[in-house]
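Below: the structure, in structure tokens.
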Amino acid sequence: MTQVRINPQAFFPMPVALLGALVDGKVNFMTEAWICRANYEPPLIAVAVNKGHHTSQGILENREFSLCFPAQELLLKTDYCGLVSGKEVDKSQLFDVFYGDLRAAPLITDCQLNFACRLTHQVEYATNNLFIGEIVEVFALSDRMNGTRPDFEAMDLFLLTLPDNTYWGMGPAIGRAWMDGKAFAPVPE
Ligand SMILES: Cc1cc2nc3c(=O)[nH]c(=O)nc-3n(C[C@H](O)[C@H](O)[C@H](O)COP(=O)(O)O)c2cc1C
């Protein structure tokens with residue numbers, strides 16, 4: 001087997017979320033997959049959003065945004081939010097919305113996990129704004145919790161791969177992080 005060069009637009013599996021903002025006072029959601037945790041404490045998260053998207057305008061207006069993680073049962077609505085722009089189509093009534101302390105970060109009642117974020121940094125690239133926000137509040141559906149922790153098996157979240165434009169389920173758990181490597185070789189205490 002050899003390693004072959006492939007198109008740099010190919011990417012690894014990514015979480016699929018709905019990125020919410022208020023634009024001109026109206027709720028808007030777009031599908032978002034370019035998401036990365038950026039700092040441990042304070043908890044920061046980075047989202048890359050095309051500069052032309054309606055949502056970019058809303059985040060810049062209010063300096064707040066939400067990231068709402070849907071289960072597979074919301075796949076069709078989630079994909080739809082990535083097919084149409086709030087510039088042409090009113091997406092404000094697609095979901096039942098609630099708010100935490102951040103009044104410009106609309107959260108989705110039916111999503112498994114909801115992050116309310118305050119914009120802390122913005123980096124402008126050629127096509128995208130990289131918005132970095134502090135995760136101020138997190139909400140999870142009460143029946144998808146395992147004690148105090150999210151039950152990710154029950155949450156049924158989904159992933160995206162490019163360039164095949166395919167959604168994937170998470171599949172079964174296959175190991176324990178920060179643990180299984182100890183069976184490979186001794187780890188100094
Ligand atoms: C699965 C999926 C993932 C997407 N991820 C991103 C993303 O991470 N960043 C981005 O700028 N656009 C992404 N998009 C495209 C936007 O969701 C899409 O252009 C949307 O219509 C923009 O809506 P708005 O103009 O109302 O903000 C994605 C679309 C899909 C279908």
Side-chain angles (χ1 to χ4, degrees), residues 7-39 43-97 99 102-108 110-135 152 155-171:
N7 186 323
Q9 292 294 353
F11 212 58
F12 43 77
M14 295 165 273
V16 178
L18 290 152
L19 177 64
L22 296 190
V23 192
D24 297 328
K26 189 190 266 191
V27 169
N28 192 69
F29 289 102
M30 62 166 261
T31 319
E32 174 75 19
W34 293 7
I35 303 168
C36 179
R37 179 73 183 253
N39 194 56
L44 301 183
I45 196 159
V47 290
V49 187
N50 191 287
K51 288 183 193 173
H53 289 348
H54 205 46
T55 311
S56 261
Q57 185 189 321
I59 295 173
L60 290 169
E61 257 173 44
N62 300 297
R63 303 188 66 79
E64 293 179 4
F65 61 89
S66 61
L67 267 180
C68 312
F69 292 86
Q72 292 175 30
E73 66 194 17
L74 285 182
L75 189 148
L76 302 189
K77 266 195 196 180
T78 302
D79 192 57
Y80 178 74
C81 286
L83 289 167
V84 297
S85 172
K87 287 178 188 166
E88 285 105 31
V89 176
D90 181 0
K91 295 186 264 185
S92 66
Q93 303 303 313
L94 288 177
F95 303 100
D96 186 48
V97 161
Y99 294 87
L102 302 188
R103 304 311 294 172
L107 307 169
I108 298 178
D110 288 337
C111 274
Q112 308 292 306
L113 267 181
N114 282 289
F115 294 2
C117 306
R118 183 181 293 121
L119 186 67
T120 58
H121 306 82
Q122 179 208 342
V123 186
E124 195 177 330
Y125 296 115
T127 57
N128 287 57
N129 284 314
L130 184 69
F131 294 121
I132 300 166
E134 178 173 353
I135 304 169
F152 287 109
M155 285 190 170
D156 214 19
L157 307 181
F158 56 104
L159 307 170
L160 167 73
T161 53
L162 299 176
D164 54 347
N165 297 0
T166 301
Y167 293 120
W168 304 78
M170 282 201 357

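Both ligands and their constituent atoms are indexed starting at 1 by order of listing. Bear in mind the structure is a predicted one, so any value in this text is a computation, not a measurement.
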Exercise. Going by heavy atoms, is K87 under 4.0 Å from ligand 1?
Worked result: no

For this session: Answer yes or no for K91: is there a heavy-atom contact with ligand 1 below 4.0 Å?
Result: yes

Can you list the ligand 1 atoms lying under 4.0 Å from a non-hydrogen atom of [X]?
| X | value |
| --- | --- |
| V84 | 20 (C), 21 (O), 23 (O) |
| V49 | 11 (O) |
| N28 | 24 (P), 26 (O), 27 (O) |
| W34 | 8 (O) |
| D79 | 31 (C) |

Considering non-hydrogen atoms of the protein only, which is the closest contact for [atom], and what is the distance?
| atom | result |
| --- | --- |
| atom 11 (O) of ligand 1 | N50 N, 2.8 Å |
| atom 2 (C) of ligand 1 | T31 CG2, 3.5 Å |
| atom 10 (C) of ligand 1 | M30 CE, 3.4 Å |
| atom 19 (O) of ligand 1 | H53 CE1, 3.0 Å |
| atom 20 (C) of ligand 1 | C81 O, 3.4 Å |
| atom 18 (C) of ligand 1 | G82 O, 3.3 Å |
| atom 26 (O) of ligand 1 | G86 N, 2.7 Å |
| atom 7 (C) of ligand 1 | E32 OE1, 3.3 Å |

For this session: For M170 and M155, run side-chain contact (heavy atoms from CB on, under 4.5 Å): C-alpha distance rounded to whole Å, both residues' side-chain angles, the deciding distance at 0.1 Å, then the answer.
Result: CA-CA 10 Å; M170 282 201 357; M155 285 190 170; over 6 Å; no

Would [X] count as a polar contact of ligand 1, with the cut-off being nitrogen or oxygen pairs under 3.5 Å?
| X | result |
| --- | --- |
| V16 | no |
| T55 | yes |
| L160 | no |
| A48 | yes |
| Y167 | no |
| A33 | yes |

Quick one: [atom1] on [X] to [atom2] on [Y], what's the gap to the nearest 0.5 Å?
| X | Y | atom1 | atom2 | answer |
| --- | --- | --- | --- | --- |
| H53 | I59 | NE2 | CD1 | 10.5 Å |
| I135 | L102 | CD1 | CG | 11.5 Å |
| T55 | N129 | OG1 | CG | 11.5 Å |
| L18 | Y80 | CG | OH | 13.0 Å |

Problem set entry | Nearest candidate to atom 24 (P) of ligand 1, where distance is taken over non-hydrogen atoms, out of K51, M14, H54 | H54

Using modelled atom types only, decide if a donor and an acceptor are shared between the side chain of [X] and the backbone of [Y] within a distance under 3.5 Å.
| X | Y | value |
| --- | --- | --- |
| K77 | L94 | yes |
| E64 | A116 | no |
| S56 | N50 | yes |
| K91 | C81 | yes |
| R103 | A105 | no |

Exercise. Using the ring of each side chain (for Trp, its six-membered ring), is F131 parallel, tilted or perpendicular to F65, with breaks at 30° and 60°?
Worked result: tilted

Problem set entry | Aromatic ring pairing W34/F11, orientation class (parallel under 30°, perpendicular over 60°, tilted between) | tilted

Seminar exercise, completed: All heavy atoms of A71 vs all of Q112, minimum pair found to be CB-NE2, 3.5 Å

